[in-house]
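A note on names: the letters A, B, ... follow the listed sequences, proteins ahead of strands, and every chain is numbered from 1. All heavy atoms count here, side chains included; hydrogens, waters and symmetry mates do not.
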Protein chains: 2
Amino acid sequence: MIARPTIPFTTQLKYRLISQLYFFGTASCNDLSESLGKSVPHVTKSLYELIDADYIVEKGYAPSNGGRPPLIYALQPDRMYILSVSIDQLYTRIGLLDMSNQFIFPIETIELRLLNNKDALAILTKTLTRILGRMGKDRKKIIGGGFSMPGFVNTRMGINFTYLSTNSKESLRDYLERHLHMPVYIENDSSVLALAELKAGMAQNLQDVMVIDIGWGIGLGMIVKGELFRGHTGYAGELSHIPISESNTLCECGKRGCLETEATLRVVAHRAMEEIKAGRISSLKIVDSPEKMSEAIMAAANQGDQYAIGLLTEMGFKIGKAIAILIHIVNPELIILGGRGAEVGKILIAPIQQALNQYCIPRLAEDTRVKVSQLGHDASLLAAAALVMEKFGQTAL
Amino acid sequence: MIARPTIPFTTQLKYRLISQLYFFGTASCNDLSESLGKSVPHVTKSLYELIDADYIVEKGYAPSNGGRPPLIYALQPDRMYILSVSIDQLYTRIGLLDMSNQFIFPIETIELRLLNNKDALAILTKTLTRILGRMGKDRKKIIGGGFSMPGFVNTRMGINFTYLSTNSKESLRDYLERHLHMPVYIENDSSVLALAELKAGMAQNLQDVMVIDIGWGIGLGMIVKGELFRGHTGYAGELSHIPISESNTLCECGKRGCLETEATLRVVAHRAMEEIKAGRISSLKIVDSPEKMSEAIMAAANQGDQYAIGLLTEMGFKIGKAIAILIHIVNPELIILGGRGAEVGKILIAPIQQALNQYCIPRLAEDTRVKVSQLGHDASLLAAAALVMEKFGQTAL
DNA sequence: ATAAACTTAATAAAATATTTAATAAGTGCC
DNA sequence: GGCACTTATTAAATATTTTATTAAGTTTAT
C-alpha cells in the first residue's frame with residue numbers, strides 16, 4: 001500500500017492551507033482564515049512555517065479594501081506537481097500540472113480505445129511510466145495522480161467495473177499506485193466535469209448543482225451540499241437509463257425508452273446519416289464516421305442550418321424532460337450544460353427550458369437556472385488534478 | 001427575534017453531548033467520545049460539568065465488553081422539554097416530550113382542516129397556547145417546538161407556501177416563535193418521516209436512504225450523506241409530480257401522467273368505490289368516505305382479499321417505477337416504505353421489487369435494499385422533536 | 001482453579017492546538 | 001486631523017489531544 005501523503009506536514013491545517021491556495025490561486029491571510037474557519041493568528045503561524053519550508057511565497061500587497069492592504073500569498077509553483085489523466089472512449093490526455101495550474105509539459109494525447117480492449121490498462125501504464133521518466137529527480141515532487149474515466153466507477157473501492165480491467169483481483173487504483181508509485185484517485189468522467197464546475201466554473205460557492213454531460217452518451221455529475229455526490233456505491237447520476245420516451249427503442253442495457261436511446265450526439269449523428277442518405281436536403285453532407293458527423297451537425301447548427309438545429313432541438317427537449325425529473329427530486333439551484341454538447345448549448349437551452357416549463361411544477365422551474373458551461377477543453381484535466389488536491393486537503397495525520 | 005438557545009452552555013460540546021445522549025438514550029463516555037470525534041478526557045470533563053448542573057445522570061455500569069465495564073450516562077428526563085406538533089390535512093397531534101422521549105401529557109389531537117382554511121393557524125396557535133398554559137413554571141424548560149406539516153416548506157425561510165398562511169408578510173416560523181416564545185422549527189412531513197427513520201428507525205447509521213411516504217398523496221424524504229436533504233429551496237423529493245404513466249390523467253398541478261394521479265391511497269380508494277358500485281364482487285363494502293374506504297381496502301388486503309390485493313399491487317408497481325428512477329439518480333443503499341401505506345408494506349414490496357428488476361440497471365437494483373418501516377404512529381411526533389434536538393446539538397456560541 | 005496475558009475503560013499530567021483580546025499599522029474619507 | 005474601516009501582530013487564555021498510568025474486567029494455558 002502506498003502511503004497517501006507524500007509530504008509529511010505536522011498539522012492538518014497545513015494540508016488544508018495548501019489545498020485552499022491551490023484552488024484560490026492567490027489569497028490573503030484573512031481570506032484563508034475565513035474559508036477554513038480558523039482564526040487569523042493560527043493561520044498566520046502555519047503560513048509562516050510553510051513560507052520557511054518554501055511551499056508558499058508572498059506576492060506583495062493587494063489594493064486596499066478600505067483599510068490596511070492585505071498581504072497576498074500563493075503557492076511556490078514548482079515545489080509540487082500533479083499528474084492528471086483524462087480518459088475517454090477513444091483518446092486519453094495526460095498532463096503534469098504545477099501548483100499554479102500550469103502544464104509543465106505540453107499535454108500528451110494518445111489513442112486508446114477502451115471498449116473490448118484487454119490491453120488498454122497496460123498501454124496506459126506504459127505511456128504514463130514513459131512520461132514520468134522524463135521528470136528526473138522532480139518525480140518525487142508529484143503528490144498524486146487524478147484519473148477521469150467513463151464507466152461504472154466505485155471511487156471508494158478504486159474499481160472501474162466497465163473499462164480498464166486489471167485482469168486480476170487487484171483494484172484499478174491499487175494497480176496504478178503500484179506501477180506509478182504515487183497516490184491515485186479515479187473518478188467517473190461526468191463527476192469530474194461537475195468537480196471542474198465546482199472548483200473553476202459556474203458552480204463555485206454553490207451548494208446544489210447538476211452538471212449534464214452531453215456527448216456520445218449522456219451523463220450527470222452531481223454537486224450536493226457543496227460537494228461531489230456519488231451515492232452509496234458510486235453510481236449516482238445514472239441519468240442515461242431513466243425511462244423517458246414513448247417510442248420503445250431497445251437500449252443496450254436491455255430496457256426500453258432509456259434517455260440514452262433518444263437524446264445523445266450518437267443518436268443524432270446516426271439519425272442524420274440515415275435521413276440524409278434517404279434524401280433529406282440540408283447544408284450537411286455525409287461524412288465517413290458518426291463521430292465526425294456529430295461535429296458537422298453542431299458546426300452546421302451554429303451556422304444556422306435549419307435541419308441541424310431541428311435535430312438538436314429535439315434532443316434538447318428530451319434532455320429537458322429528464323432534467324425536469326431531476327429537478328423534482330433534487331431541487332438544485334443550477335443546471336449546467338457541459339460536455340461536447342456545450343458547443344451548441346445556446347441552441348439546446350431553449351427547448352430544455354421549454355420542457356422544464358411544461359413538465360415542472362412552476363415553483364420548482366422558477367427556482368432553477370439553466371446555463372451553458374464556459375469551461376474549455378482542458379477543464380477535465382484541471383478537474384482530475386483537483387481530485388488530487390481535494391484529497392490532499394483532507395489528509396489527516 | 002427569539003434567542004435560539006434557551007439554555008446557555010459555555011461550550012458547543014455540551015450542546016452536542018446533550019443532543020447525542022437524547023438520540024442514544026444511554027451511552028458510555030467512550031461511545032460519546034467516538035460518535036462526537038472528541039477525546040475521552042475532553043468528553044469526560046464536559047460530562048462531569050453537565051452532571052454537576054443536573055442535566056445528566058449516571059446510570060451505573062453496563063456489562064463488560066471484555067474489559068472494564070463502562071459507566072452509563074443518560075439525560076435527566078425532566079430538566080428540559082420539547083414541544084412536538086404533527087400536522088396533517090385533517091388532524092393535528094400535539095405532544096410534550098421529556099428528555100427520555102416520554103410524553104409528559106397524553107397526546108392531544110385536534111381536528112384542523114388545512115385546505116382553504118384561513119383560520120387554521122390562529123386555531124393552532126390558540127390550542128398550543130392553552131396546552132402550554134398548563135406547564136406553569138416548567139414552561140421555561142421547553143427548549144423549542146418542532147412542527148411537521150404537509151405542503152411546500154422552505155425551512156431556511158421558515159415558510160409554508162401551501163398551508164397555514166400567516167395572512168401577512170411574517171413567516172410562519174416567526175409567527176409561531178412570537179406567539180409561543182420559544183425557538184420553532186418547521187419541516188415538511190415526508191422529510192420528518194425520513195428523519196424519524198434516521199434517528200430511530202432503519203436508516204440509523206446509514207448514509208443514503210430514501211423514505212417513501214405512501215398515503216393520501218405520495219411523498220419522499222431523503223437522507224443524503226447521513227443527513228436530511230431538502231435541496232436548494234426546500235422542495236427536494238417532489239416525487240408525486242414526476243411523469244410515470246402512459247394514461248394521461250390530468251393532475252391538479254396541470255400536468256399529465258404524474259405519479260400522484262396513479263399511485264396513492266386516494267386513487268385506490270376512489271377507484272374501488274367506483275368499481276364496487278359498478279358491480280365488482282369482493283369482500284369489500286362501500287363505506288361513506290374515501291378515507292375510510294382506503295382503510296377498509298388495506299384491512300381487506302391484509303386479510304387476503306384478492307381484489308384489494310390486486311388494487312394495491314398495481315399501485316405498488318407504479319410506485320416501483322418511480323423508485324427505479326430515483327435509484328438511478330441517487331444510488332441509495334436503502335429504500336424504506338413508510339406512511340400509512342406501510343400497513344400493507346408486505347403486499348407492496350413484491351410489485352415494487354419487480355418494477356425495480358424491470359426498470360433498473362441490474363447493478364443498481366442489486367445494491368439497493370427495500371424494506372417496510374417498523375415505526376409506529378407516534379414516529380412523526382418523535383421526529384418533530386428530533387428536529388428540535390438536532391438544532392440544539394448544532395447550537396454555536 | 002489460577003495465574004498470566006489480553007481487553008476495555010477511566011484518570012491525571014503534559015503537550016499541543018486554537019482562540020480571544022488588546023494593540024498596532026495602514027488606507028480612505030470627511 | 002480625526003474617524004471608520006480593514007489587516008497584521010502579539011501575548012495570554014482556553015480548548016483539546018496525546019501519553020502514560022491505573023483500574024477492572026475476560027480469556028487462555030497450564
Side-chain angles (χ1 to χ4, degrees), chain A residues 5 8-21 24-53 55-74 393-397, chain B residues 5 8-21 24-53 55-74 393-397:
Chain A
F9 294 123
T10 48
T11 66
Q12 202 200 341
L13 184 58
K14 290 185 186 172
Y15 289 98
R16 295 182 65 198
L17 272 172
I18 288 178
S19 176
Q20 282 288 338
L21 265 177
F24 283 169
T26 58
S28 73
C29 179
N30 257 36
D31 296 338
L32 292 165
S33 159
E34 207 163 313
S35 71
L36 295 173
K38 299 286 166 184
S39 68
V40 171
H42 188 207
V43 169
T44 309
K45 197 182 154 205
S46 294
L47 219 40
Y48 284 2
E49 286 172 26
L50 286 170
I51 289 173
D52 288 344
Y55 285 97
I56 289 180
V57 286
E58 281 187 11
K59 303 289 276 187
Y61 290 93
S64 161
N65 307 309
R68 178 170 169 173
L71 245 177
I72 296 300
Y73 301 91
Q394 288 163 10
T395 305
L397 297 176
Chain B
F9 293 123
T10 49
T11 66
Q12 202 200 339
L13 184 59
K14 291 185 185 170
Y15 289 98
R16 296 182 64 196
L17 272 172
I18 288 178
S19 177
Q20 281 289 341
L21 265 177
F24 283 169
T26 58
S28 73
C29 180
N30 256 37
D31 296 338
L32 292 166
S33 159
E34 207 164 314
S35 71
L36 295 173
K38 298 286 164 185
S39 67
V40 171
H42 188 205
V43 170
T44 309
K45 198 183 154 204
S46 294
L47 219 42
Y48 284 3
E49 286 173 25
L50 285 169
I51 289 173
D52 286 344
Y55 285 98
I56 290 180
V57 287
E58 281 187 12
K59 303 289 276 187
Y61 289 93
S64 161
N65 308 308
R68 177 169 168 173
L71 246 177
I72 298 299
Y73 300 92
Q394 288 162 11
T395 305
L397 298 174

Quick one: sort the B/Y55 and B/F9 rings into parallel, tilted or perpendicular, breaks at 30° and 60°. perpendicular

To the nearest 0.5 Å, what is the distance between CG on B/L50 and CD1 on B/I18? 5.0 Å

Please report the interatomic distance OG1(B/T26) to CG(B/D31), rounded to the nearest 0.5 Å. 8.0 Å

One character per nucleotide, please: for nucleotides 5-16 of chain D, 5' to 3', B when the base has a protein heavy atom closer than 4.0 Å, S when only the sugar-phosphate does, - otherwise. BBBSBB-----S

Looking at residues at least two apart in the chain, or sitting in another chain, which of them share a side-chain contact (heavy atoms from CB on, under 4.5 Å) with A/E34? none

In short, A/I51 meets A/E58 closest at the heavy-atom pair CD1-CG, 4.2 Å

